[in-house]
Amino acid sequence: MTTAETLANWQADEQRVRAQLAAIGWARPSELAQRSGMQVFDAIFAGELPSPPIGETLDFIPVQVAPGMAIFQGKPKPRHYNPLGSVHGGWFATLLDSAVGCAVHSTLPAGKGYTTLELKINIVRALTDSVPLVRAEGKVVHVGRQVATAEGRMVGPDGKLYAHASTTCLVFDMPVARDGFDRSL
């Protein structure tokens with residue numbers, strides 16, 4: 001497949017996903033507690049749960065989540081630049097953290113949550129807005145009772161590698177109020 005064909009497929013994937021996503025917001029813990037990780041993602045992709053605000057802020061979206069893997073797609077823009085005129089490392093880190101973290105989340109049963117304990121990224125190539133889209137692809141390496149690990153890669157439509165990452169996540173029981181009221185807000 002040519003770079004142009006890959007880019008066209010990625011753009012079509014983004015249009016399809018954006019057409020289904022709900023408004024920007026966040027789900028309450030009570031909306032999440034009874035769903036497995038995959039059920040959470042299915043609900044986000046179906047527009048039943050809100051689309052997380054970070055995607056709008058940094059111009060990226062999830063395009064695919066399956067058990068043990070997640071793909072996020074982003075558009076590098078000048079507003080993401082560092083003082084040297086290329087995309088800031090924090091943008092790379094956020095996109096990769098989303099992919100590897102959601103790969104872990106996709107494997108968790110209802111009542112379990114996670115948080116990133118460690119994220120290690122290697123940026124191997126500068127990124128500017130001359131690259132129209134990149135994808136961060138996360139895959140689970142191990143999921144245990146309390147710790148999970150995953151790895152990811154950020155690539156352009158031409159197959160060039162821009163960064164790779166690994167994460168360690170803490171897996172925990174989701175807190176639920178005893179009286180049924182959601183006190184998270």
Side-chain angles (χ1 to χ4, degrees), residues 10 12-74 90-121 134-154 163-185:
W10 288 9
D13 288 345
E14 184 168 332
Q15 275 188 328
R16 177 185 45 77
V17 170
R18 285 193 185 279
Q20 299 294 328
L21 293 177
I24 302 300
W26 55 91
R28 289 179 135 81
S30 60
E31 295 176 286
L32 303 175
Q34 301 305 313
R35 298 178 193 216
S36 70
M38 273 311 304
Q39 289 170 329
V40 168
F41 293 115
D42 289 344
I44 289 171
F45 282 113
E48 297 165 11
L49 288 175
S51 183
I54 190 70
E56 183 175 323
T57 301
L58 294 179
D59 297 309
F60 70 87
I61 64 167
V63 291
Q64 183 181 358
V65 179
M69 66 83 68
I71 300 173
F72 281 70
Q73 182 167 292
W91 192 84
F92 284 83
T94 304
L95 197 61
L96 281 161
D97 185 48
S98 296
V100 295
C102 289
V104 166
H105 190 190
S106 72
T107 67
L108 299 181
K112 292 289 186 178
Y114 80 98
T115 191
T116 301
L117 287 175
E118 177 184 53
L119 178 68
K120 164 76 167 88
I121 71 167
V134 292
R135 280 195 168 178
E137 303 172 2
K139 293 183 181 176
V140 164
V141 174
H142 168 79
V143 178
R145 190 172 54 83
Q146 292 183 307
V147 174
T149 59
E151 56 193 16
R153 298 167 46 92
M154 181 183 289
H164 55 96
S166 62
T167 191
T168 302
C169 295
L170 174 67
V171 176
F172 55 85
D173 292 330
M174 294 287 289
V176 177
R178 288 188 186 140
D179 58 10
F181 290 101
D182 185 349
R183 291 186 173 79
S184 63
L185 298 178

Is any side-chain heavy atom of Thr167 less than 4.5 Å from a side-chain heavy atom of Tyr114?
no

Taking the side chain as everything from C-beta on, heavy atoms only, tell me whether Thr149 gets closer than 4.5 Å to Val140.
no

Side-chain donor/acceptor pairs under 3.5 Å, residues 51-72, sequence neighbours excluded:
| unit_1 | atom_1 | unit_2 | atom_2 | d |
| --- | --- | --- | --- | --- |
| Thr57 | OG1 | Pro53 | O | 3.3 |
| Asp59 | OD1 | Arg79 | NH2 | 2.8 |
| Asp59 | OD2 | Arg79 | NE | 3.1 |
| Asp59 | OD2 | Arg79 | NH2 | 2.6 |
| Asp59 | OD2 | His80 | NE2 | 3.3 |

Crowded around Lys112 NZ? As in, over 12 foreign heavy atoms under 6.0 Å?
yes

Examine distances only and state if a side-chain atom of [X] and a backbone atom of [Y] form a donor-acceptor pair shorter than 3.5 Å.
X	Y	value
Gln73	Trp10	yes
Gln20	Val17	no
Ser36	Leu108	no

Spatial distance of atom [atom1] ([X]) from atom [atom2] ([Y]) [nearest 0.5 Å]:
X	Y	atom1	atom2	value
Arg35	Ile44	CZ	CD1	9.0 Å
His164	Met154	NE2	CE	12.0 Å
Gln34	Met174	CD	CE	10.0 Å
Gln146	Leu117	CD	CG	10.5 Å
Thr115	His105	OG1	NE2	11.5 Å
Glu14	Leu21	CD	CG	9.5 Å

Before you tell me yes or no, could you show the steps for Glu31 and Leu49 under side-chain contact (heavy atoms from CB on, under 4.5 Å), namely the whole-Å CA-CA distance, both residues' side-chain angles and the distance that decides it to 0.1 Å?
CA-CA 8 Å; Glu31 295 176 286; Leu49 288 175; 4.0 Å; yes

Atom of Ile24, atom of Pro50 and distance for their closest heavy-atom approach
C-CB, 4.3 Å

Minimal non-hydrogen separation, Ala93 against Leu119, with atom names:
O-CD2, 3.7 Å

Arg135 vs Asp13, side-chain contact (heavy atoms from CB on, under 4.5 Å): CA-CA, chis, key distance, verdict
CA-CA 12 Å; Arg135 280 195 168 178; Asp13 288 345; 2.8 Å; yes

Non-neighbouring partners of Phe45 that pass ring pair (Phe, Tyr, Trp, His ring centres under 6.0 Å), sequence neighbours left out
none

What side-chain donor-acceptor pairs closer than 3.5 Å can you find for residues 96-103, not counting sequence neighbours?
| unit_1 | atom_1 | unit_2 | atom_2 | d |
| --- | --- | --- | --- | --- |
| Asp97 | OD1 | Thr116 | OG1 | 2.9 |
| Ser98 | OG | Thr94 | O | 2.9 |

